[in-house]
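Just so it is clear, the model here is predicted, and its values are computed rather than measured. As a basis for the values below, the full set of heavy atoms in this structure was taken, side chains included, without hydrogen atoms, waters or symmetry mates. Below, chain A is the first sequence line, B the second, and so on; all start at residue 1.
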Amino acid sequence: MSRYTAADIEQKWQAAWEQAGVFTAKRDETKPKYYVLEMFPYPSGRIHMGHVRNYTMGDVVARFKMSTGHNVLHPMGWDAFGMPAENAAMASGGHPKDWTYKNIADMRGQMKPLGLSIDWSREFATCDPEYYGQQQALFIDMLDKGLVYRKNAVVNWDPVDMTVLANEQVIDGKGWRSGADVERRELTQWFFKISDMAGDLLDSIDNLDDWPAKVKLMQANWIGKSRGLQFSFERTDAGDAIEVYTTRPDTLMGASFVGISPDHPIAKELEANNPETAAFVADCRKGGTTEEALEKAEKKGLDTGIKVKHPLDPSKELSVWIANFILMDYGTGAIFGCPAHDQRDFDFATKYGLDITPIFVADGAEEETLTEAYTPLKSEKVRYIRGFAGQELQTGEDGVNSAIDKAEAEGWGTGVTKFRLRDWGLSRQRYWGCPIPVVHCEDCGVVPEKKENLPVQLPDDVTFDVPGNPLDRHPTWRDCACPSCGKPARRETDTMDTFVDSSWYYARFTSPRADTPTVQADADYWMNVDQYIGGIEHAILHLLYSRFFARAMNVTGHLPDSAREPFNALFTQGMVTHAIYQTTNPENGRPIYHYPEAIELRDGKAFVIATGEEAQIIPSAKMSKSKNNVVDPLNIISSFGADTARWFVLSDSPPERDVEWTAAGAEATAKHLARVFRICADIAEMDDASTESDLELLKATHKAIFDVTQGFESFGFNAAIAKLYAFTNLLQKSSAGGKAKKEAARILAQLMSPMTPHLSEELWSLLGGEGLVTTAAWPVVDEAMLVEDTVTLPIQINGKRRAEISVPADMSKEEVEKLVLENEAVVKALDGGQPKKLIVVPGRIVNVVV
RNA sequence: GCCGGUGUGGCGGAAUGGUAGACGCAGGGGAUUCAAAAUCCCCCGACCCUAGGUCGUAAGAGUUCGAGUCUCUUCACCGGCACCA
């Protein structure tokens, strides 16, 4: 009898699939199409277990759909622009392009042994000029439709390296290389007008039926629709009125100050003329641009000396403060502070000794001195003691609406709907990205490059020995002729955010070699992505930008109306984690991290093999190079085979949760697959007799088909695998005859095939299956085989299980009740009395309340 | 700080509001073997007075005949926060 040798089997069947061309997607109007897409990887150079898990999930879906008669598109590409390539060039010389393409070649080589059902003929990298040239064409079309514009925006500025930093390059407010205090500085940058579509992007979330609720909620909160009141505070001096926006106009009588952003025009004017203000504003600009940094920074303010009149009580004057927590990007960049009902305002007022006047109190409570802001839910009814509109007792929501209505009726304010979502700044002052295809001409202004001149290609002769953007100091590339008037002009040296690259790659896969961004017939046929799979970390930005881009591509004629919402179903998978083995260096107290290969596990404890020292086990940590806890998929494939890696990453945890990679688990998987092989090989040699156990096995087989199919349809891969273990155990122990067992074993091979395609092909051919299991039709459940004659009903007494009875499945409620009341445990519990209540859930449970 | 999520045996986890711990790992016992590996069989939440019972799904409360599942509060951890991808 032959043995299970993964290496031979896997090569053999991969070659067979390639020869048959089973994964090459072609338009076929006679079949329903199915487009499976996993988020494409950044070419770091090594695949990791997270990739294996992500692509295996997609592969299971793709192979399953192929078996159920679908024409499947399952492509792969590379999200190839981005900072790591430039960092590598800075650290060790070389060119980002060479580094990237070498990494792609390496990773492709590591992925192919996994036996994924990918149509490699559609592969592309976003740094291919053929791809980013089409992206430039899209940009020009979007510019033409008014979806792109320029405005000022703040960036992280490193004053020593004289360069813009990414958020991750700002560590504790300092530049990662120079260590200098980072400042926020304004630059003119390119923006996509995503805010134009905020309402549509929000409303359409309701139609995303097959997206996780949590992702939809996160997106809705991110877009952040709010209704509020916009109005002005008149100044007591001659200056322009200050326009504010508030979502709590009902608290206007509690206003104790007006706050403006350090970037507000009034603040800028004062900055220019007043050294004290200039110093304060400069202080406010310290630190990075992230919302987290702004929120966590100490709240600071400066009284400008400007006074404004309260709109409802002109005798009341409020001071205008510059406050570091007010964002110029949101609303009007100015607010009024109501410390009684906003914790941030409360802290600010306490710090600077400003009034704290409550507007409402809890229903039934009396006014008292506040020790913190009172902020009930807007849906809660409160009693207004200083309201100016609506009922005394009303919800905050009604209070807000009444206030807006009154302000509009009296003509001093307007109800306004605003979104938290800001326009998408796409400019990056970096080399390794898609060049923004415009030219700056002294006479013509900003002029898009002519489409026939695309792609505007990145120059190869650049160096990274000085900080900053090499495009900026590359005269022969930068200097060009104006596409409009032909006079000498300068190219835009900013490149695009890499999120742009990943916002339309799904559409490009439908016609990856076309000399237009998409081709209508292909886009019409293949779009939308039926199942998109990727990490939860992309829940907001990538997915929102992609949804925006699909709409923009529709507006510019590159996608049909039906593809405005590009991903029909979304699944977000968890990370692959691995224990960290840590000891401490006795000399300096610093941790030392040990590779899993350097560790021996005994009785749940870890020991360093070389020294025998016991190491601390930190479980379930994200795999990270610096912690030496990365498991290389190639090692797993070479020791156990791809099928083991594929099965294991799906077997132990629900796919949306993190999975812990353990060597023991991988070995156990390899053993199990070898066992399946052995069982099936034995069965293949049986003769075709039949026994009285055949029917029992047949029933179990159909139950397995039912359970596993359901598992695949609902992303319950771990549950499907548990059922396959159980079915394998049953098949092994069954005393059914050879014919029945061969049939059951073939179905076992088929049910396993999306996860372990190579092993399944081998078993399929061994057991006399026709053709490839990959292209065989999925087995169909015979419902009649699922019907059970009798069911076991647990009997609860007062909610606790005390006994059980076995009854025919179709027994009536009344008969069950009668049987239950005769049950020994029930009789004993009733002690001659009557049950207070008797609950019979047919087929499930009985509860007797005594 | 704000938004979202997760928390169940020694471990990974299962469980349409209906028998908590399926399935797997680790562990224990046995069979086979000259011996081992491999394989096969059985046991395996905690506690107790072991007949049987009590407790038990991060902690605390609530809704319900019945809560791991629903609601509220708290704690811990994870993801995102617009220039990491």
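- Taking atom CD of residue A:Q710 and atom C1' of nucleotide B:U16, one finds them 10 Å apart after rounding to whole Å.
- Across all strands shown, A:I839 has heavy atoms under 4.0 Å from base atoms, whether or not it also approaches the sugar-phosphate.
- Aromatic ring pairs are classed by plane angle as parallel below 30°, tilted from 30° to 60° and perpendicular above 60°; the pair A:F192 and A:F549 is perpendicular.
- B:A36 sits 15 Å from B:G28 when the P atoms are compared, rounded to a whole Å.
- Distance noted for atom C1' between B:C77 and B:G29: 38 Å (whole Å).
- Base contact: A:W222 has a heavy atom under 4.0 Å from a base atom.
- Among the protein residues, A:V164 comes within range of the nucleic acid bases, having at least one heavy atom under 4.0 Å from a base atom.
- Heavy atoms of A:H538 sit under 4.0 angstrom from at least one base atom.
- Minimum atom distance to the side chain of A:N729 is reached by B:G24, of the listed B:G24, B:U19, B:C81.
- Checked against B:A85, B:C41, B:A82, the side chain of A:T498 finds its nearest nucleotide in B:A85.
- Ion pair A:K214/A:E656 not flagged as a salt bridge, since none of the NZ, NE, NH1 or NH2 atoms sits closer than 4.0 Å to an Asp/Glu carboxylate oxygen.
- Of the candidate nucleotides B:C41, B:U16, B:A20, B:C41 has the atom nearest to the side chain of A:K733.
- As judged by a 4.0 angstrom heavy-atom cut-off over every strand, A:R420 is placed among the base-contacting residues.
- B:U50 shows a glycosidic angle within 90° of 0 and is accordingly assigned syn.
- For the pair A:M218 CE and B:U6 C1', the computed distance is 12 Å after rounding to whole Å.
- Nucleic acid contact for A:K723: none, since no nucleic acid atom lies under 4.0 Å from a heavy atom of the residue.
- As judged by a 4.0 angstrom heavy-atom cut-off over every strand, A:P654 is placed among residues touching the sugar-phosphate backbone only.
- Checking B:G18, B:A14, B:C84 against the side-chain heavy atoms of A:N718 singles out B:A14 as nearest.
- Within 4.0 Å (heavy atoms only), A:R675 reaches sugar-phosphate atoms of the nucleic acid but no base atom.
- At the heavy-atom level, A:Q429 lies under 4.0 Å from base atoms of the strands shown.
- Taking the C1' atoms as reference points, B:G66 lies 26 Å from B:U74, given to the whole Å.
- Nucleic acid contact for A:V841: base, since at least one base atom lies under 4.0 Å from a heavy atom of the residue.
- The residue A:A668 sits close only to the backbone: its heavy atoms come under 4.0 Å of sugar-phosphate atoms, none of a base.
- Base contact: A:L421 has a heavy atom under 4.0 Å from a base atom.
- If you check every strand for non-hydrogen atoms under 4.0 Å, A:N798 touches nothing.
- Checking B:U54, B:A85, B:G1 against every side-chain atom of A:L541, the shortest atom distance belongs to B:A85.
- Applying the 90° criterion around 0 to the glycosidic angle, B:G9 comes out syn.
- Look at the C1' atom in both B:G9 and B:G4: the space between them is 29 Å, to the nearest Å.
- Within the 4.0 angstrom heavy-atom criterion, no nucleotide atom of any strand lies near A:K836.
- Distance noted for atom P between B:G56 and B:A20: 13 Å (whole Å).
- Rounded to the nearest Å, the gap between the C1' atom of B:C65 and that of B:A14 is 25 Å.
- Distance from the side chain of A:E537 is smallest for B:G80 among the nucleotides B:C84, B:G18, B:G80.
- With both ends at atom C1', the span from B:G5 to B:A58 equals 15 Å, rounded to whole Å.
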